[in-house]
Amino acid sequence: MQVIHDPEAFRHACQQLRQRGRLGFVPTMGALHAGHLQLVRFAGQQASSVAVSIFVNPTQFGPGEDLASYPRTLEADCAACEQAGAALVFAPSPAQMYLPGERTRVRVTALTETLCGATRPGHFDGVCTVVSKLLLLTGECVAVFGRKDFQQWKVVQRMARDLFLPVEILGHPIVREADGLAMSSRNRYLSAAERTSALGLVRGLNAAQAAYAAGEREPGVLQALCAAAIADAGLRIQYVQLVDSEQLQPLSTLPGNVPAVLAVAAHAGATRLIDNRELGEAE
Ligand code: PAF
């Protein structure tokens with residue numbers, strides 16, 4: 001497996017890999033866990049070879065967020081990528097991704113104004129900017145994103161379509177720990193007590209899904225059931241919102257033909273966690 005830091009060398013290596021067939025691409029910020037490695041293996045099933053990027057993108061962190069403390073574990077990440085079958089890791093520095101004097105941001109409107117976009121101003125501009133740079137360097141590929149970041153997946157899909165990027169964007173189902181907690185690089189910040197409280201997220205989503213399965217279709221009721229379980233676990237709720245799965249707009253009714261997702265964000269201590277459930281889908 002090759003590890004490359006220079007963007008142009010990465011572009012060239014992707015061109016070489018494409019000569020073997022379809023290229024898979026998994027963008028990450030490192031601190032890889034078993035969920036990321038499932039994305040790499042899944043990309044390997046869709047393509048002949050897989051490239052992984054590892055870059056803690058400064059422009060998607062807001063003031064007071066965890067940019068400085070975000071775990072950086074490049075050596076272990078590379079070993080894990082190799083084990084998962086990646087052919088190439090791209091690990092640039094911030095100065096290599098954001099050239100001196102850079103003035104370009106990529107913005108997707110509307111889809112970025114709800115959920116995490118409403119509570120993290122500028123976050124999706126940072127995500128879209130870095131993902132478009134990464135996809136332009138990678139070139140034609142199938143890129144895999146985790147559906148824990150449901151909004152990110154939908155925003156990137158829209159962006160790729162709107163910019164005519166030669167990529168297919170796939171969303172991989174959420175990978176969970178045995179007790180149901182969605183895997184996240186930020187789980188490593190949790191104390192034992194916070195880790196227990198964090199299960200309130202999946203409990204809340206399960207409660208809402210059970211009510212949905214029993215015929216409940218009132219968004220307010222589903223949200224309230226979910227929020228109650230999250231609050232009972234001692235988490236500080238940022239949002240519990242039922243939105244349609246394409247435009248990500250809040251739903252005031254839940255017609256049967258509209259695919260919907262119940263999305264949640266809450267803090268366990270200082271750690272912000274997100275999770276979601278696509279209603280109607282068995283998990
Ligand atoms: O989901 C992430 O890890 C990041 O937002 C991404 C897509 C790698 C962009 O920095």
Side-chain angles (χ1 to χ4, degrees), residues 7 10 24-40 42-43 50-62 65-74 77-78 80-81 84 86 88-98 102 104-108 111-112 115-117 119-138 141-160 163 165 167-175 182-189 248 263 265 271-276:
F10 174 63
F25 177 55
V26 181
T28 80
M29 297 207 299
L32 301 184
H33 49 68
H36 287 116
L37 302 177
Q38 282 209 30
L39 302 194
V40 176
F42 176 72
V50 178
V52 178
S53 66
I54 296 177
F55 178 62
V56 183
N57 173 36
T59 63
Q60 69 187 75
F61 288 78
E65 292 188 352
D66 56 344
L67 172 62
S69 58
Y70 199 85
R72 286 154 170 92
T73 56
L74 184 59
D77 290 346
C78 288
C81 284
L88 181 58
V89 164
F90 176 46
S93 67
Q96 282 170 312
M97 287 303 278
Y98 293 96
E102 58 96 19
T104 304
R105 289 293 174 271
V106 178
R107 169 170 297 171
V108 171
L111 270 69
T112 56
L115 307 176
C116 293
T119 48
R120 300 181 74 189
H123 169 69
F124 283 113
D125 291 357
V127 169
C128 289
T129 301
V130 80
V131 171
S132 52
K133 286 171 189 257
L134 291 167
L135 292 175
L136 285 164
L137 289 170
T138 307
C141 67
V142 51
V144 181
F145 290 78
R147 267 148 65 169
K148 179 171 73 68
D149 297 279
F150 189 90
Q151 185 174 22
Q152 171 173 277
W153 170 46
K154 288 294 170 176
V155 165
V156 167
Q157 218 169 36
R158 183 73 254 172
M159 178 188 80
L163 296 181
L165 298 178
V167 300
E168 183 183 1
I169 305 288
L170 296 182
H172 186 281
I174 298 174
V175 184
M183 289 191 187
S184 163
S185 300
R186 290 188 167 100
N187 290 350
R188 68 181 72 193
Y189 297 150
L248 308 180
T271 305
R272 184 177 180 278
L273 300 170
I274 59 171
D275 200 346
N276 67 75

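These numbers come from a predicted model, not from an experiment. Below, each value reflects all heavy atoms present in this structure, side chains not excepted, and no hydrogens, waters or symmetry copies. One-based numbering, in listed order, for ligands and for the atoms of each.
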Visitor: Under the side chain to side chain contact (heavy atoms under 4.5 Å, CB included) rule, what do L32 and T73 come out as? Steps first, then yes or no, please.
Guide: CA-CA 8 Å; L32 301 184; T73 56; over 6 Å; no
Visitor: If you measure from CH2 on W153 to CG on L170, what distance do you get to the nearest 0.5 Å?
Guide: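 CG of L170 is found 8.5 Å from CH2 of W153.
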Visitor: Tell me, do F25 and L134 make a side-chain contact under 4.5 Å, heavy atoms counted?
Guide: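 A side-chain contact under 4.5 Å exists here.
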Visitor: Which N or O atoms of ligand 1 sit under 3.5 Å from a protein N or O, and how far apart is each pair?
Guide:
residue, atom, partner, partner atom, Å
ligand 1, 1 (O), Q152, NE2, 2.8
ligand 1, 5 (O), Q60, NE2, 2.9
ligand 1, 5 (O), Q152, OE1, 2.7
ligand 1, 10 (O), Q60, OE1, 2.6

Visitor: Consider side-chain hydrogen bond (donor to acceptor under 3.5 Å, both in side chains). Of T104, N57, T129, which one does Y98 pass it with?
Guide: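 Among T104, N57, T129, the one meeting side-chain hydrogen bond (donor to acceptor under 3.5 Å, both in side chains) with Y98 is N57.
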Visitor: I'd like to know whether CZ of R188 has more than 12 heavy-atom contacts from other residues, nucleotides or ligands below 6.0 angstrom.
Guide: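 Yes, the 6.0 Å shell around CZ holds more than 12 heavy atoms from other groups.
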Visitor: Write down the atom of I174, the atom of K148, and the distance for their closest heavy-atom approach.
Guide: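 Shortest heavy-atom separation between I174 and K148 comes out as CG1-N, 3.5 Å.
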